[in-house]
> 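Just passing along the structure, written as structure tokens.
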Amino acid sequence: MSSQEINNELHPIEASLPTLSKLGTTAPTDVDATSVASTWLSSFSKFAETGDVEGVTNLLVASDFSSSLLGPFNDNTTASSSVSLYWKDILALTWDLRTFEGTATIKAFLVDRLADAQIQNVKLSDDIKPQLQQPHPDLAWIQLLFTFETKIGSATGIARLVPLKIGDRVEWKGQSIFTHLDSLKGFPEKIGALRNPEPNHGRWEEARRKEVAFGGADPTVLIIGGGQSGLEVAARLKALDVPTLVIEKNERIGDNWRERYEALCLHDPVWYGQFPYLPFPSTWPVFAPSKKLANWLEFYVEALELNVWTSSTVTKATRDEETKLWNVVVRQSNGQDRVFKVKHVVFALGFKGGEGYVPSIPGMESFAGQILHSSQHKRATDHAGKKVVVIGSCTSAHDLCVDYVDHGVDVTMFQRSSTYIISAAKGVRMLLEGLYSENSPPIDIADKLNMSFPNKLIAGLTHRGMKAIWEHVDKDIIEGLHKIGFRTNKGYKDSGLLLTVWQKAGGYYLDVGGSQYLIDGKIKLKNDSQIAGFTERGLKFDNGSELAADVVVFCTGLTDAHYGIRRICGDGVADKCKPLWGMDEEGEINGCWKDLGVPGLWYIMGNLALCRFYSKTIALQIKAMEEGLFSTRYGGGSV
């Protein structure tokens, strides 16, 4: 099939793709990628270092393309015959997380920021050589990594150049540009050659005790939550020499994983879920059991000397508008309160605050059995000999149902709505291959390459990848599920996994075997009608059918992420905060890792990979503020 035929069949979500037919050319052959990249970067360097906006924009494709990931398909693009153009920046030029689309928007951004950034020393990176990549028959670009400096720090850039037909010649123009702040001038991370070189004879233990106690001074940053997100922010801040204390309500670090249901196992592979500064050993399993990860978190705290108080809770946090400090009340394990005055409070409470959501259903009070949320469930054997109904059809629902079957418990899954299914062993690995695999680049390089793609561009690329997975890799599983009446979908905007996670933080299952249990009838399925209410002995449905149950487990997700902020900081602060999670008009995640709408208040959540990457984003912003390097966010903000 020719590139023109493929372009004529484009799904609306693929309109962002710079197809060869839009560019007026064919797949390039015999191209010296390094020569093309060097020539382009030489011109970019000259224009960027002199603040020449016209010069820089002339190196990019001209584009009036615009799109949205938020509206229906028939409203999500304009000028679809135009080539898309993106510039994504993380802190380097905007002190924010932004994605600009189209020539006019990018030019306006550069007019405001390019000269002031004082870009210099633009060089091709030694980490990965420029490459001609062709992810699909009608797509081709040269990818190059480069480094540069600004007045505030060192940065990485990634550009993807596409072949554009101009008259009778082909020119390589930038179609996707990424700029990322790596470090701050004068304040590098104290790692590697900058680690502590001094011997310590007999003084380390007492020094650590004093450091953790914060007896003589308050920390600069207080983190609420000692799961992976809180610990990784703490690790990043420690490397930047910012005094930080983590408050964890559980008795032991890792209990947030250790105390969940016994069958819990990571569905993200080991290469994707590494930690900052301390990678998993080469013997680590591809999919780690939750209790193994729990122990790793405890080890991580000890190895990196993070300051953590366990069995402690933050009961209240208020901001003093005169001092600009947060007064944070911490109830310690001994029952006594201590009030800290800190500049920054980081909420690290897990996805949506970690509070389970149970919908209100008529008749609940009359049910004679047990009702619980998946976050309260421990083990299948607790319900031996009983009939169990699991409400939900995503990750935790499948995990629990499989565990029930394996322990001889009668279980029925009630599917409320369709679910996106992708196999973890084949489908997810196919999506991550090349960046997160056994022979992938170093994790910091892989992360930048991954994050360099704007979500609007990812939407089109993953739609293509999703089709291949559905039609080939996961074909048998999907067809088998359809035969038993299990309802599936193709993800948010028909674009597969990633955008479904970014927009909904749910609605999917990374299949590690549960789908086959359904297909084989080991897990019973009910999805022919919605729940009308509870009866004394089970559930009744809108179509008049009933389902007997002794135990009903709700796998229905989590509450609003603002819940934790509202509980600790009050309604006034929570109401000022921006939305948390889901994508904004630029395709960026709302609220997390950046300005939350209230000075000194931060929120981090996400899987292991997101927390690894964006923990540094938060830490760099805080360090820059503390050292007087932070100026203003492009477009404004609370700090």
Side-chain angles (χ1 to χ4, degrees), residues 37-38 40-61 85-125 127 144-161 173-189 240 444 447-449 451-452 454 586 588 593-595 613-614 616-639:
S38 297
W40 184 90
L41 192 63
S42 176
S43 297
F44 178 85
S45 173
K46 178 179 67 175
F47 296 135
E49 292 183 8
T50 57
D52 187 340
V53 173
E54 286 295 330
V56 170
T57 52
N58 285 338
L59 295 173
L60 312 177
V61 296
L85 171 64
Y86 301 101
W87 190 310
K88 180 175 180 178
D89 180 73
I90 298 181
L91 305 184
L93 304 179
T94 61
W95 278 123
D96 209 340
L97 285 69
R98 299 292 302 271
T99 297
F100 305 104
E101 181 178 30
T103 300
T105 303
I106 290 174
K107 182 176 288 187
F109 145 64
L110 292 176
V111 166
D112 287 341
R113 291 287 175 149
L114 183 61
D116 183 64
Q118 298 177 25
I119 290 175
Q120 56 184 331
N121 294 330
V122 180
K123 299 176 182 177
L124 271 177
S125 172
D127 293 314
L144 64 134
L145 278 71
F146 59 95
T147 59
F148 63 100
E149 295 179 13
T150 72
K151 65 180 181 181
I152 59 169
S154 299
T156 293
I158 297 174
R160 293 181 180 87
L161 315 180
K173 298 275 191 176
Q175 185 270 334
S176 175
I177 310 296
F178 174 66
T179 43
H180 176 270
L181 181 66
D182 295 332
S183 63
L184 300 170
K185 283 188 176 178
F187 304 99
E189 292 177 296
L240 290 169
D444 61 324
D447 281 345
K448 290 172 192 174
L449 288 169
M451 296 301 177
S452 68
E586 294 181 357
E588 295 291 338
W593 322 308
K594 54 186 177 182
D595 174 36
F613 183 80
Y614 286 113
K616 185 171 184 177
T617 304
I618 290 179
L620 284 174
Q621 291 172 85
I622 289 175
K623 181 65 173 179
M625 291 174 185
E626 293 308 300
E627 301 299 343
L629 297 178
F630 196 96
S631 55
T632 58
R633 298 187 191 277
Y634 182 72
S638 64
V639 288

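Just so you know, these numbers come straight off a predicted model, no measurement behind them. These numbers come from the heavy atoms of this one structure, side chains and all, not from hydrogens, waters or symmetry mates.
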> Parallel under 30°, tilted from 30 to 60°, perpendicular over 60°: which one fits the rings of Tyr634 and Phe109?
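If you compare the ring of Tyr634 with that of Phe109, the planes turn out perpendicular.
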> Is there side-chain contact between Trp87 and Leu110, with at least one heavy-atom pair below 4.5 Å?
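Trp87 vs Leu110: side chains touch.
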> Mind checking whether Phe47 and Val53 have side chains closer than 4.5 Å, heavy atoms only?
no
> Any donor-acceptor pair under 3.5 Å linking the side chain of Lys173 with the backbone of Asn58?
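Confirmed, Lys173 side chain pairs with Asn58 backbone.
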> Any side-chain donor paired with an acceptor under 3.5 Å for Thr50 and Asp52?
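Per modelled atom types, Thr50 and Asp52 side chains form no pair under 3.5 Å.
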> Determine whether Tyr614 and Lys616 make a side-chain contact, defined as any pair of heavy atoms from C-beta on separated by less than 4.5 Å.
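They are not in side-chain contact.
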> With a 4.5 Å limit on heavy-atom distance, are the side chains of Leu145 and Leu124 in contact?
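Not in contact.
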> Can you give me the closest heavy-atom contact between Phe146 and Ile158, atom names plus distance?
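Heavy atoms only, the tightest pair is CE2-N, 3.8 Å.
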> Please determine whether side chain to side chain donor-acceptor pair (under 3.5 Å) holds for the pair Asp182 and Ser154, giving the CA-CA distance in whole Å, both sets of side-chain angles, and the decisive distance to 0.1 Å.
CA-CA 6 Å; Asp182 295 332; Ser154 299; over 6 Å; no
> Can you give me the closest heavy-atom contact between Ser452 and Ser176, atom names plus distance?
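Answer, listing the atom of Ser452 first, then Ser176: O-OG, 4.1 Å.
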> For residues Leu91 and Thr94, determine if any side-chain heavy atom of one lies less than 4.5 Å from a side-chain heavy atom of the other.
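They are not in side-chain contact.
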> At their closest point, which heavy atom of Asp96 faces which heavy atom of Lys594, and how far apart are they?
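Taking Asp96 first and Lys594 second, the nearest heavy atoms are OD1-CD, 3.7 Å.
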> Check whether the side chains of Thr179 and Asp89 place a donor and an acceptor atom closer than 3.5 Å, and report yes or no.
yes
> Of all heavy-atom pairs between Lys448 and Phe178, which one has the smallest distance, and what is that distance?
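Scanning both residues completely, I find the closest heavy atoms to be O-CE2, 3.8 Å.
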> Report yes if some heavy atom in the side chain of Leu60 is under 4.5 Å from a heavy atom in the side chain of Thr103; otherwise report no.
no
> Counting the benzene-type ring for Trp, do Phe148 and His180 have ring centres under 6.0 Å apart?
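Ring centroids of Phe148 and His180 are no less than 6.0 Å from each other.
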> Testing the basics here: between Ile152 and Ala92, what is the closest heavy-atom pair and its distance to 0.1 Å?
CD1-O, 4.5 Å
> Should the pair Lys88-Glu586 be classified as a salt bridge under the 4.0 Å nitrogen-to-oxygen rule?
no
> Taking only residues two or more places apart in sequence or in another chain, which ones pass side chain to side chain contact (heavy atoms under 4.5 Å, CB included) with Pro188?
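In terms of side chain to side chain contact (heavy atoms under 4.5 Å, CB included), with neighbours along the sequence ignored, Pro188 is linked to Leu194.
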> Report yes or no: do Gln118 and Thr150 form a side-chain donor-acceptor pair below 3.5 Å?
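Result is no, nothing qualifies.
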> Got a donor-acceptor contact below 3.5 angstrom from the Trp40 side chain to the Leu59 backbone?
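Between the backbone of Leu59 and the side chain of Trp40 there is a qualifying donor-acceptor contact (under 3.5 Å).
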> Sub-3.5 Å donor-acceptor pair from the side chain of Ser45 to the main-chain atoms of Ser42, do we have one?
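Not confirmed, Ser45 side chain does not pair with Ser42 backbone.
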> Any non-hydrogen side-chain atom of Trp593 less than 4.5 Å from a side-chain atom of Leu97?
yes
> Determine which pairs satisfy salt bridge (charged side-chain N to carboxylate O under 4.0 Å, His left out) with at least one residue from residues 102-125, sequence neighbours left out, and list them in order.
Glu54-Lys107, Asp116-Lys151
> What's the shortest heavy-atom distance between Ala624 and Trp95, and which atoms?
CB-CH2, 3.4 Å
> Under a 3.5 Å distance rule, please check whether Glu49 uses its side chain to pair with a backbone N or O of Asn121 as donor and acceptor.
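Yes, the answer is positive, given that a donor and an acceptor are paired below the 3.5 Å cut-off.
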